Amino acid sequence: IPLCIYRGADATEGKQLVLRLHRLPEQSSLRGALLSWADLSGAICKGVDFSEASLDRSVAIDSLFDGANFSRTTMQNADFSRASMRGACFLDADLRGADFENVDLTGADFTGAKLEGARFPGAILTSIRR
């Protein structure tokens, strides 16, 4: 069971979205959603449309995002460690500071993505587009 521990600033308003261990229906849309600081650890989001959403500082460790659309999504400092993101689309996404440690990114499209400071130790980068 994934466990996420947040350290740093305290939130003073709003509520964290927690979809830990949830399954989102394939082809569902969260296009343009504000999902910063969300907990998607262990979630199954195969083929979900996250385009133009904000996932800054979210945690999605041990999750399944195969075929998901992250086009023009901001994911600064998000943690996707050990996720499966095979065939995911990151077209023009902002991935600065994101953590893709041990992520399967086979066939992913990073065309136009901002990758400064992003980490990929142990990631599977077979057949990616850049």
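Given the structure is predicted, the values throughout are model-derived calculations rather than measurements.
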Trainee: Between CG of N77 and CG of D56, what distance do you get to the nearest 0.5 Å?
Mentor: 7.5 Å

Trainee: Which atom pair, heavy atoms only, marks the closest approach of L30 to A53?
Mentor: O-CB, 3.8 Å

Trainee: Test of understanding: with side chain to side chain contact (heavy atoms under 4.5 Å, CB included), list the residues that count as partners of S28, not counting sequence neighbours.
Mentor: L24, P25, V48

Trainee: Where do F110 and R130 come nearest, in terms of heavy atoms and distance?
Mentor: O-NH1, 3.5 Å

Trainee: Using modelled atom types and a 3.5 Å cut-off, is there a donor and acceptor pairing between side-chain atoms of S127 and backbone atoms of G107?
Mentor: no

Trainee: Only pairs at least two apart or in different chains count here, so list each salt bridge (Lys or Arg N to Asp or Glu O under 4.0 Å) that has a residue in residues 65-81.
Mentor: E52-R72

Trainee: According to the interplanar angle, ranging from 0 to 90°, do the rings of F100 and F90 count as parallel (below 30°), tilted (30 to 60°) or perpendicular (above 60°)?
Mentor: perpendicular

Trainee: For E101, which residues count as a salt bridge (charged side-chain N to carboxylate O under 4.0 Å, His left out) partner, sequence neighbours excluded?
Mentor: R119

Trainee: Counting only N and O atoms by type, is there a donor-acceptor contact under 3.5 Å from the side chain of S41 to the main-chain atoms of R20?
Mentor: no

Trainee: Measure the spacing between CG of L40 and CZ of F80 and express it to the nearest 0.5 Å.
Mentor: 7.5 Å

Trainee: Is a donor from one side chain sitting under 3.5 angstrom from an acceptor on the other, for S54 and S36?
Mentor: yes

Trainee: Where do V103 and F120 land on the side-chain contact (heavy atoms from CB on, under 4.5 Å) test, with the steps shown first?
Mentor: CA-CA 8 Å; V103 173; F120 295 89; over 6 Å; no

Trainee: Closest approach of A88 and F65, non-hydrogen atoms and distance?
Mentor: CB-O, 4.1 Å

Trainee: Just checking, any donor-acceptor pair under 3.5 angstrom between side chains of D94 and Q76?
Mentor: yes

Trainee: To the nearest 0.5 Å, tell me how far D99 CG sits from I61 CD1.
Mentor: 10.0 Å

Trainee: Does one hydrophobic cluster hold both L55 and L64, with members joined at side-chain heavy-atom distances below 4.5 Å?
Mentor: no

Trainee: Between atom NZ of K46 and atom CD of Q27, what is the distance when rounded to the nearest 0.5 Å?
Mentor: 10.0 Å

Trainee: Tell me, with the steps shown, if F50 and L35 meet side-chain contact (heavy atoms from CB on, under 4.5 Å).
Mentor: CA-CA 10 Å; F50 290 97; L35 305 173; 4.1 Å; yes

Trainee: Would you give the length of the straight line joining atom SG of C45 to atom CZ of F70, rounded to the nearest 0.5 angstrom?
Mentor: 7.5 Å

Trainee: Would you kindly confirm whether M75 and L91 end up in one hydrophobic cluster when ILVMFWY residues are joined by side chain heavy atoms under 4.5 Å apart?
Mentor: no

Trainee: So, S51 versus R31: side-chain donor-acceptor pair below 3.5 Å or not?
Mentor: yes

Trainee: At their closest point, which heavy atom of G42 faces which heavy atom of S63, and how far apart are they?
Mentor: N-OG, 3.1 Å

Trainee: Do V59 and I44 share a hydrophobic cluster (ILVMFWY, side-chain heavy atoms under 4.5 Å, transitive)?
Mentor: no

Trainee: Would a distance-only check, ignoring hydrogens and angles, find a side-chain to backbone donor-acceptor pair under 3.5 Å from T106 to R86?
Mentor: no

